[in-house]
Amino acid sequence: MTDSMTDGILADTARRLLADRVTPDVLRLADEGHWPAELWAAVEEMGLPLALVPEEAGGFGLGMVEALGLVRIAGSFAAPLPLADSMLAAWLLAGAGLEVPAGPLTAAPPKAAGSDAPSLTRDGDGWRLSGTARRVPWGRDAAAVVLVAEQNGRSHLVRLDAGEWRVAEAGRNIAGEPRDDLRFDLALPAGRVAPAPTGLDADSLHAMGATLRSLAMAGAVERVLDLTVQYAGERVQFGRPLGKFQAVQQNLAVLAGQAAAAGAAADGAAEAFAELAAGGARPLPTGPLPIAAAKMRCGEAAGIACSIAHQMHGAIGFTHEHVLHHLTRRLWSWRDEYGNDASWARQLGQAAAAAGADGLWPLVTAA
């Protein structure tokens, strides 16, 4: 069996699993703050959180781009669990030689607002970690949190286990997904802290998080397109389906264009993620050009797609029984995480200005 066949089988199996398990009841209960234990158990049993982990460390041994495709699939189902965050955290731990625990994992965003940043100092043979990690995805539900902290000018990866932090402020994004401020002040043994792999620091982790959110948005926009096309073909108004009206067809064409653009941009970001993970060069201060472009472009697509889809669906798209608002609320949330459109557009503008007239075309075509 070839690697590509194996990757395809895994993606198809994941798609079927989420189609069966991400039910309206699961989404409703997640909105009410309930952890989807059965859904997570099924995802974990399949091994999806370890998709980015090398085979020798207990993972699938997939190509990184193929593994990242699972994030896009999860986004298309509005899966209310931290699959992307767990995949990233598990990969970080495995890459640093730290143990990857069972259960939902998450990585603390390295550039979340706040002055009390995590501080790591030597404490005998071990370490002392203090500070606050802000807006941590699914922090209250995580079995472990991975964060980047500086010590003597070098980035280190730290693993905190559940019970070693307190939730200073329980927050949620627009989609109702937990985004918690976690506070800690404790001694850690040497086996819970390791130097980060070469090239991995707060900037590169920020770019990796932006890639994951871009992929999730691309998947959600594709699903929004499918739902809207289906609804326009079924909903009859003035004696004919909505999809027969020219104005509706024009909007559907715009929506399809946005889905295609987001998908292409996310694919480019996934390839840049793989290069970054391998220690590749970073032409922007916070990540490769394709990641900046993808986060900005997927965020733009998210806004346009949400507007068109809700205009087409009318009031039904906001009802508890309909899946549309579960997707669009996540799109509105994800586009602001790991840098919003404006912050990444600024990075692109600065890169273009620095390249100058003679360097602009090579900069664009190299992406």
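Nothing here was measured: the structure is a model prediction, and the numbers come from that model.
Contact check for L255 versus I304: no side-chain heavy atoms found under the 4.5 Å cut-off. Using a 4.5 Å cut-off on side-chain heavy atoms (C-beta onward), F60 and L10 make contact. Between E222 and R72, some side-chain heavy-atom pair lies under the 4.5 Å cut-off. Contact of the P49 side chain with the W40 side chain is registered, since non-hydrogen atoms from C-beta on lie closer than 4.5 Å. Between L18 and L39, some side-chain heavy-atom pair lies under the 4.5 Å cut-off. Between P80 and V22, some side-chain heavy-atom pair lies under the 4.5 Å cut-off. The closest side-chain heavy-atom distance from L200 to L157 is below 4.5 Å. Residues M296 and N340 have side chains not in contact (no heavy-atom distance under 4.5 Å, counting atoms from C-beta outward).
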Q) Stepwise, does the side chain to side chain contact (heavy atoms under 4.5 Å, CB included) test hold for V221 with L331? A) CA-CA 8 Å; V221 170; L331 285 168; 3.8 Å; yes
Decide yes or no on side chain to side chain contact (heavy atoms under 4.5 Å, CB included) for L327 and L227, but give the supporting numbers first. CA-CA 11 Å; L327 292 159; L227 290 171; 3.6 Å; yes
Walk me through whether E150 and S155 qualify under side-chain hydrogen bond (donor to acceptor under 3.5 Å, both in side chains). CA-CA 5 Å; E150 297 292 323; S155 297; 2.6 Å; yes
### Message
Using ring-ring contact (aromatic ring centres under 6.0 Å, His included), reason through H325 and F318 one step at a time and then give a plain yes or no.
### Response
CA-CA 6 Å; H325 69 95; F318 291 100; 7.7 Å; no
Is there a side chain to side chain contact (heavy atoms under 4.5 Å, CB included) between L276 and M208? Walk through the geometry before answering. CA-CA 8 Å; L276 190 60; M208 289 175 176; 4.1 Å; yes
Next item on the list: Could you check L205 against L88 for side chain to side chain contact (heavy atoms under 4.5 Å, CB included), going step by step and ending with a plain yes or no?
Entry: CA-CA 9 Å; L205 181 56; L88 177 60; 3.8 Å; yes
Would R235 and Q230 count as a side-chain hydrogen bond (donor to acceptor under 3.5 Å, both in side chains) here? Give the steps. CA-CA 9 Å; R235 179 73 168 92; Q230 179 182 353; over 6 Å; no
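The minimum heavy-atom distance linking A218 with A262 is given by the pair CB-O, 3.8 Å. In terms of heavy-atom proximity, A352 sits nearest to L360 at CB-CD1, 3.9 Å. Annotation for A90 and L50: closest pair CB-CD2, 4.1 Å, computed over non-hydrogen atoms. Across all non-hydrogen atoms, the minimal contact from A269 to I291 is O-CG1, 4.0 Å. The minimum heavy-atom distance between A89 and A107, with the atom names listed, is CB-N, 4.3 Å. The shortest heavy-atom contact between S76 and I73 is OG-O, 2.6 Å.
Between the K295 side chain and the R335 main chain, a donor and an acceptor come within less than 3.5 Å of each other. Formation of a donor-acceptor pair under 3.5 Å by the D123 side chain with backbone atoms of G126 is not found in this model. Without hydrogens or angle criteria, R140 side chain to G171 main chain gives a donor-acceptor distance under 3.5 Å. Judged purely by atom type and a 3.5 angstrom limit, S307 has no side-chain atom pairing as donor or acceptor with the backbone of G303. Side chain of K111 to main chain of D203: no donor-acceptor pair is present (N/O by atom type, distance under 3.5 Å, no hydrogens or angles). Side-chain atoms of S204 come within 3.5 Å of backbone atoms of D201 as a donor-acceptor pair (strictly under, hydrogens ignored). The backbone N or O of A207 lies less than 3.5 Å from a partner atom in the side chain of T211, making a donor-acceptor pair. Of the possible donor and acceptor atoms, one in the side chain of T106 sits under 3.5 Å from a partner among the backbone N and O of P137. No side-chain donor-acceptor contact under 3.5 Å links H313 to the backbone of Q311.
No path of Ile, Leu, Val, Met, Phe, Trp and Tyr side chains, each step under 4.5 Å between heavy atoms, connects L105 with L147, placing them in separate hydrophobic clusters. Hydrophobic clustering (ILVMFWY, side-chain heavy atoms < 4.5 Å, transitive): L81 and V145 are in distinct clusters. Linking ILVMFWY residues whenever their side-chain heavy atoms come closer than 4.5 Å, directly or via other members, places V193 and L186 in the same cluster. No chain of hydrophobic side-chain contacts below 4.5 Å, direct or via other Ile, Leu, Val, Met, Phe, Trp or Tyr residues, connects V148 to L120. Residues L160 and V146 fall into different hydrophobic clusters, defined by Ile, Leu, Val, Met, Phe, Trp and Tyr side chains chained together at heavy-atom separations under 4.5 Å.
Here the CG atom belonging to N251 is positioned 10.0 Å from the OG1 atom belonging to T228, to the nearest 0.5 angstrom. Atom CG of residue L324 and atom OH of residue Y231 lie 10.5 Å apart, to the nearest 0.5 angstrom. Between atom CG of residue D116 and atom OG1 of residue T132 there is a gap of 4.0 Å, rounded to the nearest 0.5 Å. Rounding to the nearest 0.5 Å places CD of Q250 at 11.0 Å from CD1 of I308. The CG atom of L17 lies 7.0 Å from the CG atom of L48; values are rounded to the nearest 0.5 Å. Remark: M217 CE to L212 CG distance equals 11.0 Å, nearest 0.5 Å.
Remark: R166 is not positioned above the aromatic ring of F184, lacking an NZ or CZ atom under 6.0 angstrom from the ring centre and at most 45 degrees off the axis. Remark: R183 is not positioned above the aromatic ring of W165, lacking an NZ or CZ atom under 6.0 angstrom from the ring centre and at most 45 degrees off the axis.
Look at R179 and E337 and you find a salt bridge, because one of the NZ, NE, NH1 or NH2 atoms lies within 4.0 Å of a carboxylate O, short of that distance. A salt bridge between R134 and E169 is absent, with no side-chain N of the basic residue lying under 4.0 Å from a carboxylate O of the acidic one. With respect to the salt-bridge test (charged N to carboxylate O, under 4.0 angstrom), the residues R192 and E164 qualify. The pair R128-D185 counts as a salt bridge, with a side-chain nitrogen and a carboxylate oxygen less than 4.0 angstrom apart. Salt-bridge check for R330 with E177: passed, with a basic side-chain N closer than 4.0 Å to an acidic carboxylate O. In summary, R135 and D180 do not engage in a salt bridge, as defined by a charged side-chain N under 4.0 Å from a carboxylate O. For the pair D25 and R28, the salt-bridge criterion is met [side-chain N within less than 4.0 Å of a carboxylate O]. We find that D12 and R15 are joined by a salt bridge, their nearest charged nitrogen and carboxylate oxygen being less than 4.0 Å apart.
Between H310 and W332, the two ring planes are parallel [angle under 30°; tilted spans 30° to 60°]. In this pair, Y338 and H206 present their aromatic rings tilted. The plane angle is within the 30 to 60° band.
The environment of D358 atom CG is sparse: at most 12 non-hydrogen atoms of other residues, nucleotides or ligands sit within 6.0 angstrom. The neighbour count for E32 CD, taken as heavy atoms of other residues, nucleotides or ligands under 6.0 Å away, is above 12.
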